[in-house]
Every structure is written in structure tokens, then in C-alpha cells.
Amino acid sequence: MSTIKSIPKDWEELVNEEQKKAIEHIDGPLLIIAGAGSGKTRVLTYRYAHLVMNYSISFENILAITFTNKAADEMKDRISNLLNLEVSPKWISTFHSSCVKILRIHGHLIGFKNNFTIYDQSDSLKLIRNCMRENDVDLKQYSPKRFQAHISSLKNMRVSPGESLETAESFFEVKVAEIYTSYQKKLILSNSMDFDDLLNRTVELLETSDQALEYWSKKFQYIMVDEYQDTNLVQYKLIELLSSKHKNLCVVGDSDQSIYAFRGADIRNIEEFEKDFTNSTIITLEKNYRSSQKILDIANAVISNNPRKKDKKLWTDNEDGLDVNVLNFNSEREEARWIVQEISNTLNKDEFDEVAIFYRTNNQSRIFEEELRKQSLNYRVIGNVRFYDRKEIKDVLSYLNYLVNQDDSVSFERILNVPRRGIGDSTLQKLRDYANSKNISVSNVIEHVDDIDSLSERVINQINNFKELVTELKTYAIEGPSKSIIKILELTGYKDELIKEGTLESQMRIENLDELLTAAFEFENLYDEEVEDPYSKVRDYLESLALFTDSDDITDEDKVLLMTFHNAKGLEFPLVFMTGMEENIFPNQKSENEFDIQEERRLCYVGMTRAEKKLYLTYSSTRTLWGGTNYNLPSRFLDEAKPFFNEIEVSHSDEINSLDPKEDTAGKKVTHEKYGKGVVIETSGNEITIDFGDEWGIKHLDIEWAPIKFE
């Protein structure tokens with residue numbers, strides 16, 4: 001590290017009085033109630049630098065925890081700039097990343113090897129699907145994702161498989177407990193953990209090992225936690241254990257922005273902080289540095305309808321700013337067209353360099369995407385299929401995972417017959433059966449293939465060839481991820497098969513693999529950890545990908561961003577469109593009680609406070625859902641926002657609702673996703689009549705909903 005410089009001499013002039021108090025508070029528990037846009041990152045980074053510079057606290061003894069990699073990277077960059085560091089402190093990270101570091105060192109105390117694999121959502125789902133098959137659960141009747149969600153919920157509540165079975169009351173709960181038991185057993189045999197396990201296993205380690213608790217609670221003299229209102233029971237317990245020795249815990253959060261109850265977040269953690277941590281100090285940050293006063297006025301008006309233990313009202317030195325506008329449309333198609341046209345006009349005038357469209361549920365993005373494509377506007381959907389979830393990428397990463405952890409059953413099952421080696425599903429099931437009989441991971445069965453009588457000589461030869469391939473690939477894994485990827489693609493014949501396929505799709509897959517290789521090179525160029533074992537570099541690369549989140553993927557080149565309100569948390573944009581502001585849409589129709597409505601109201605508040613300069617709220621009189629037309633009332637949040645917005649009249653016309661206002665569509669040929677090719681008979685308002693021939697006949701469809709394309 002370079003020589004540490006002091007905090008800027010004028011730093012006290014860069015913060016307000018309440019921020020200064022928070023920065024200089026050193027001893028004992030501290031709760032910083034930080035309103036939206038109140039400069040909490042500045043407070044955390046200056047407080048960190050203050051500890052290092054003025055109290056000589058080592059970087060190794062300060063733990064700073066955030067919820068996203070993006071937030072962690074921003075904090076690292078700011079602290080590195082403040083203190084003139086060439087290498088950022090490693091204990092500024094997310095909850096999950098911090099737990100991984102702890103478990104890599106002391107995981108052996110609870111039975112895990114330090115090369116454990118981290119299963120992402122898709123890996124976890126595949127393992128659950130296998131468990132359901134083995135337990136004779138009908139995958140057509142029960143969704144594996146439903147089981148996955150229930151198991152995750154149980155883990156977040158710290159309910160063990162045995163406890164879940166004891167407390168199960170319904171047939172479904174019994175089945176969940178059985179699958180949960182099987183799932184956890186397979187994870188252990190695979191030396192693997194899912195995201196929930198990373199937290200739970202760390203808490204288990206600290207609760208069961210005096211050695212580990214003494215080491216880590218002594219090590220972290222100061223702990224800072226961002227977005228504390230989003231913590232769940234496991235995260236709360238983790239922080240409690242880690243801060244048990246020095247008691248110097250600083251948490252930053254805002255109960256008005258607690259929006260993740262569906263993930264297990266417990267608002268009680270922040271509301272009861274003073275009770276949980278004695279002799280606490282509370283400091284409230286209300287000055288906003290992000291938004292105009294008019295945006296803050298409407299946000300304050302809405303959130304004031306929620307009961308709050310500590311009153312808080314955002315204010316700013318910024319200008320009053322532009323009016324917040326509310327617009328009512330006849331339909332969601334009209335809503336989308338108007339918004340996209342407004343975005344086009346705005347970008348052409350260079351008024352704002354970035355625009356965000358928020359909606360309550362993912363399915364609402366479709367119509368905006370269609371209109372953006374019509375206008376030839378580039379856009380990005382946050383929360384869409386990730387690059388690292390694409391088949392070809394998962395295939396290669398599964399090879400890498402297996403090379404560093406040959407207990408990993410999910411990766412093994414994925415690559416055993418990729419590319420095809422003549423090892424089919426029936427063979428794989430024989431390997432699973434043998435593994436279950438010996439109580440070992442299926443990935444270890446390849447060491448015993450000669451003992452399985454039901455396997456043919458051809459299959460045994462293919463499996464042995466696979467073993468030899470893995471052995472050779474492991475020699476390259478020592479050199480790092482880029483060399484490993486190159487050799488995987490070469491020695492398996494994976495890339496050659498895509499080249500021979502010669503289709504547009506295969507070419508896109510090749511391009512994706514090239515991008516993966518580029519990313520691996522970039523990782524190696526930035527890699528600054530000391531190598532602990534031969535496979536450390538590949539293992540750490542895989543870890544960085546497994547902990548990657550949607551919001552980490554936003555770049556400065558993205559001008560038009562589409563996302564749910566939940567995905568907007570922690571972000572800010574000069575221009576924001578909050579869409580679908582209707583009852584049963586927002587608040588969501590699943591909001592059945594006052595607690596749910598309060599959470600929806602906080603979500604609305606979060607959306608409003610993402611806007612810096614301009615905010616639009618839009619709603620439709622009709623909306624097509626599940627093939628039918630719904631008539632919704634304006635959202636109650638609009639009533640609560642009065643009189644802090646300006647309602648704009650929209651010029652409604654038949655043209656804006658027609659499929660193509662420039663020409664008569666009768667006689668046009670179309671293709672429907674289900675009904676195939678047809679000919680338009682007539683259009684009337686939103687209804688289009690199409691003749692699909694003898695097989696399907698005449699269908700009357702909604703123009704805005706029907707999946708049709710004109711030839």
C-alpha cells in the first residue's frame with residue numbers, strides 16, 4: 001500500500017452537523033437513521049478514514065458490510081481515494097462475501113473443506129429438482145421454484161430440516177421438509193453451499209466454535225453495516241456475534257425504505273436497535289442531497305401515512321425544481337407509447353443523460369420493450385436473464401467449479417455429457433442410485449464405475465475418458481481462469497461443435513464465450529490476492545461470479561433502464577417514470593393486510609426518492625391481464641400525494657390505440673405464437689379478427705396482448 005495521507009483538511013466543511021456527529025462517534029453502538037439521498041456513503045467512508053487516520057485502527061480490524069457489490073466497490077473506491085491506497089481494504093464487502101472469507105478460513109471447524117462451491121439460484125434449483133424426483137414428488141404438480149422459495153424462507157428463519165418436519169402441519173409442508181432434508185444432505189456431500197447457507201453456516205460456526213468466535217469478534221474492533229433495515233434474522237445474529245467483544249457497531253438504515261419482507265427482512269431489527277444494543281446513540285440524517293424539493297414533498301406526503309416510531313422529514317438546499325406530473329391513459333399501450341415518445345424527445349434534446357422506467361412486476365416490462373424497439377431506442381432491462389445464466393456460460397463455469405471441487409454434484413451432472421459423450425440420463429440415474437447406496441456425492445461415483453454391474457463396457461470407457469479429461473484440465477486450472485477456459489473449450493470440443501453447427505444462435509454463443517474469456521482476463525489483471533493453494537485464482541474468480549447481482553451490471557453507457565421498484569433500490573436517476581400507479585397493480589393485489597400496504601407504501605417512497613430532477617407518475621384506466629381487460633382505480637398513493645403533483649391532460653385518440661394508425665391492416669398476413677399463420681379480417685378498436693385456417697379457425701384477439709407478428 002502507498003503512504004496513507006490524511007483526510008482532507010477541509011473535510012468538516014464537506015459535511016453537515018449531523019453527519020459530523022456520526023463520523024466522530026467512535027465508542028459503542030450507533031444507529032444512523034439516514035433518509036434517502038442524505039449522504040450516508042460519505043458518512044461511512046469518512047468515518048472509516050477517521051478511524052484509520054486519527055485512531056490508528058488497521059484496515060484488517062474494520063469490517064464494513066453492504067448489500068450489493070456495487071455499493072461495496074463504491075465504498076472501496078472512495079476510501080482508497082481518501083487514503084491514497086493502491087490496494088483496497090478487503091473487509092469492505094457484502095454479507096455473503098464476508099461470510100465466504102470467514103468460511104474459507106474456519107469452515108473446516110463445521111465440516112467443510114475450504115474449496116467448497118457456491119451454488120447460485122439455478123444450481124440450487126437443479127439440486128432441488130433431483131431431490132424431488134428421488135422423493136417421488138410430481139414435478140408437474142409441484143413447482144421446484146416453489147419448494148426452493150419455501151426452503152429459503154425456512155433457512156432465513158433459522159429453521160433446520162428436522163425442525164421443519166416436526167412443525168409441518170399440511171401435506172405440502174411435510175413434503176417441503178422432506179425435500180429440505182434431502183437437499184441439505186446433498187449439499188454437504190457435494191461440499192457446497194447455497195446463498196442462504198453462506199450466512200447460516202457462518203452463524204453456526206460462530207455459535208458452535210469458541211475458537212472461531214474468539215478470533216473473529218476480537219479481530220473486528222469496528223463494524224459498520226449499511227442498509228440495516230434490510231437485514232433478516234440470520235444477518236442480525238451474525239452482526240450480534242461479530243460485535244460481541246468490542247461492541248463498536250455502527251449501523252446505517254432507514255425504516256421508510258424497508259421493502260424486502262418477502263425475502264425475510266425484518267423491520268424490527270432497525271426499529272428495536274436501542275433495545276437490542278444497550279447504550280446506543282441515535283443520529284438522524286434528514287438533509288437530502290439528491291432530489292429537488294418538489295420530489296421530496298411528494299415522497300414525504302406519501303410516507304407520512306405509515307406509522308413511524310421516529311418522525312423524519314426530508315429537506316434539501318436544492319432548488320424547488322420541476323413539477324411532479326401525473327398522467328392518466330386509456331390503456332397500458334397508450335401509457336407505454338406516450339412514455340417512450342417523451343423519452344425519445346428528452347434524449348434528442350440532451351435534457352437528461354439517463355432515464356429509468358419503474359414498474360411493480362416484471363411482466364409489465366414487455367409493452368415498454370416493444371415500444372422502445374419500435375422507436376429504435378437502446379434500453380436495458382435490469383433483472384432479466386443474466387449473462388452468467390446463459391447455457392454456454394453455465395456449461396463452462398460448471399467445468400471450472402468441478403475442477404476446483406470434485407465433490408460438486410450439480411456441476412458434475414451438468415458436464416458429464418456436455419458435449420455429448422453417449423452418457424445419457426439412464427446412466428446418470430444408475431450413478432445416482434449407486435451414490436445414494438454408498439452415501440457419497442454422485443460426482444465421486446466415477447472413482448467406482450468398475451463396481452457398478454449395470455453399466456456397459458462402452459459407458460465405463462466413456463466415463464474413464466471423462467476422468468482423464470478432467471485430470472488434464474486440472475493441470476491448466478493452476479494457471480488461472482483464462483487458461484482453463486481456453487483449454488476447456490479446446491479439449492472438450494465444445495467450441496468446435498458450435499462452429500460446425502453454423503447457425504446464428506451458435507455464433508451468438510461463441511461470442512458469449514469470447515466475452516467470458518475477456519472477463520476472465522480482466523479478473524486476472526485486477527487479481528491482487530496472495531495465492532493460498534494452486535486453484536485459488538480459479539476459485540476466487542468463480543466466487544466473484546457467484547456473488548454477482550443484477551445492479552452490479554449497470555454501466556454508464558446504459559441510457560434507458562427498465563426495472564421493478566425493488567431493483568431500483570440504491571440507485572438514482574435524473575428522470576424517472578413510475579408506471580402502473582393503480583390499485584391492484586401498485587399497491588399489488590397480493591397486499592391483503594395493513595402490514596403489506598405499509599410495505600408497498602415504502603416501496604412507492606423508494607421509487608419517488610430515486611428521482612433527482614424530474615418525476616412522472618402514470619396510470620391507465622384499463623389494463624390487459626391474463627387475456628382479459630381489467631378496470632382499476634387510481635392508486636391510493638396518488639390520493640395521498642395530493643396536492644404535491646400537477647395532473648396533465650393527455651390527448652386521447654383512436655390512433656394511439658390502433659395497431660398501425662398509418663394503414664388499414666385488413667388482409668395482412670400475420671404469425672401467432674400458438675395458432676401459426678393467419679390473415680387479418682378486420683380491426684375494431686383494440687380487437688383484431690384473424691382467420692387461422694381450418695385448424696384454428698377465426699379468432700378475436702386483443703391487439704395489445706396477442707403475440708402476433710405482421711409479415
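Computed over heavy atoms, backbone and side chain alike; hydrogens, waters and symmetry mates excluded.
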When you compare the side chains of D408 and N191, does any donor N or O come within less than 3.5 Å of an acceptor on the partner? no
Under the side chain to side chain contact (heavy atoms under 4.5 Å, CB included) criterion, do W216 and H106 qualify, and how do the steps go? CA-CA 10 Å; W216 294 106; H106 280 142; 2.9 Å; yes
Check the pair F147 / V176 against side chain to side chain contact (heavy atoms under 4.5 Å, CB included), numbers first and verdict last. CA-CA 6 Å; F147 274 80; V176 168; 3.9 Å; yes
Nearest-0.5 Å distance that lies between atom NZ in K247 and atom OG1 in T278: 7.0 Å
Taken in chain and number order and not counting sequence neighbours, the residues that satisfy side chain to side chain contact (heavy atoms under 4.5 Å, CB included) with T564 are Y359, N362, H566, N567
Under 6.0 Å from the NZ atom of K185, do we count more than 12 heavy atoms belonging to anything else shown? no
Quick one: pull up OH in Y399 and CZ in R414 and give me the separation to the nearest 0.5 Å. 11.0 Å
Atom of I65, atom of S98 and distance for their closest heavy-atom approach: CG1-OG, 4.1 Å
The reported gap from CD in Q406 to OG in S411 (rounded to nearest 0.5 angstrom) is 11.0 Å
Check salt bridge (Lys or Arg N to Asp or Glu O under 4.0 Å) between K76 and all other residues, then give those that pass, not counting sequence neighbours. none
If you compare all heavy atoms of E543 against all heavy atoms of I118, which two are closest, and at what distance to 0.1 Å? CG-CD1, 3.9 Å
Salt-bridged, R268 to D276, with N to O below 4.0 Å? yes
Full working for side chain to side chain contact (heavy atoms under 4.5 Å, CB included) between V52 and I62: CA-CA 9 Å; V52 173; I62 305 174; 3.9 Å; yes
Can you tell me how far the OG atom of S124 sits from the CZ atom of R129, to the nearest 0.5 Å? 10.0 Å
Donor-acceptor pair, side chain of N81 and main chain of D77, under 3.5 angstrom: yes
From I23 CD1 over to L14 CG, what is the distance, rounded to the nearest 0.5 angstrom? 9.0 Å
Is there a salt bridge (Lys or Arg N to Asp or Glu O under 4.0 Å) between R432 and E413? Walk through the geometry before answering. CA-CA 10 Å; R432 290 189 191 121; E413 289 195 12; 2.9 Å; yes
If you apply the rule salt bridge (Lys or Arg N to Asp or Glu O under 4.0 Å), what do you find for D540 with R104, and how did you get there? CA-CA 11 Å; D540 291 349; R104 293 288 186 207; 5.4 Å; no
Nearest heavy atoms of E274 and S280, plus distance in Å: CA-OG, 4.0 Å
Quick one: does any side-chain atom of R308 pair with a main-chain N or O of D256 as donor and acceptor, under 3.5 Å? no
Has D210 got more than 12 heavy atoms of other residues, nucleotides or ligands less than 6.0 Å from its CG? no
Mark yes or no for whether S153, through its side chain, and H150, through its backbone, hold a donor-acceptor pair below 3.5 Å. no
K245 atom NZ, over 12 foreign heavy atoms within 6.0 Å: no
Do the ring planes of F195 and H96 sit parallel (below 30°), tilted (30 to 60°) or perpendicular (above 60°)? tilted
Does one side chain, of K312 or T284, offer a donor that lies under 3.5 Å from an acceptor on the other? no
Tell me, please, which residues at least two apart from F523 pass ring-ring contact (aromatic ring centres under 6.0 Å, His included). Y527, Y541
Would you say the side chains of S182 and K186 form a donor-acceptor pair under 3.5 Å? no
Candidate pair I26 and H50, rule side chain to side chain contact (heavy atoms under 4.5 Å, CB included), full reasoning: CA-CA 9 Å; I26 300 302; H50 183 57; 3.7 Å; yes
Test salt bridge (Lys or Arg N to Asp or Glu O under 4.0 Å) on E17 and K20; report intermediate values, then the result. CA-CA 5 Å; E17 191 59 34; K20 183 173 181 290; 5.1 Å; no
Parallel, tilted or perpendicular for F412 and Y402, by the 30°/60° rule? tilted
Rounded to the nearest 0.5 Å, the CG atom of L103 sits from the CG atom of L205 at a distance of 6.5 Å
Pair E204-R158, salt bridge (Lys or Arg N to Asp or Glu O under 4.0 Å): steps then yes or no: CA-CA 10 Å; E204 177 190 339; R158 303 193 68 201; over 6 Å; no
H25 backbone acceptor or donor facing R47 side chain under 3.5 Å: yes
Y183 versus N135, side-chain donor and acceptor atoms under 3.5 Å: no
Taking the side chain from T202 and the backbone from L198, do they hold a donor-acceptor pair closer than 3.5 Å? yes
Consider salt bridge (Lys or Arg N to Asp or Glu O under 4.0 Å). Of E18, E286, E74, E227, which one does K40 pass it with? E227
Looking at every non-hydrogen atom in both residues, tell me the closest pair between Y228 and T231 and how far apart they are. O-OG1, 2.7 Å
For a 4.5 angstrom cut-off between non-hydrogen side-chain atoms, does V538 reach K474? no
Please state whether the rings of F112 and F116 are parallel, tilted or perpendicular, taking 30° and 60° as the class boundaries. perpendicular
Taking E447 for its side chain and N444 for its backbone only, find out whether a donor-acceptor pair lies under 3.5 Å. no
Contact summary for S441 and S443, nearest pair of heavy atoms: OG-OG, 2.8 Å
If I compare all heavy atoms of L213 with all of L241, which pair ends up nearest, and what's the gap? CD1-O, 3.6 Å
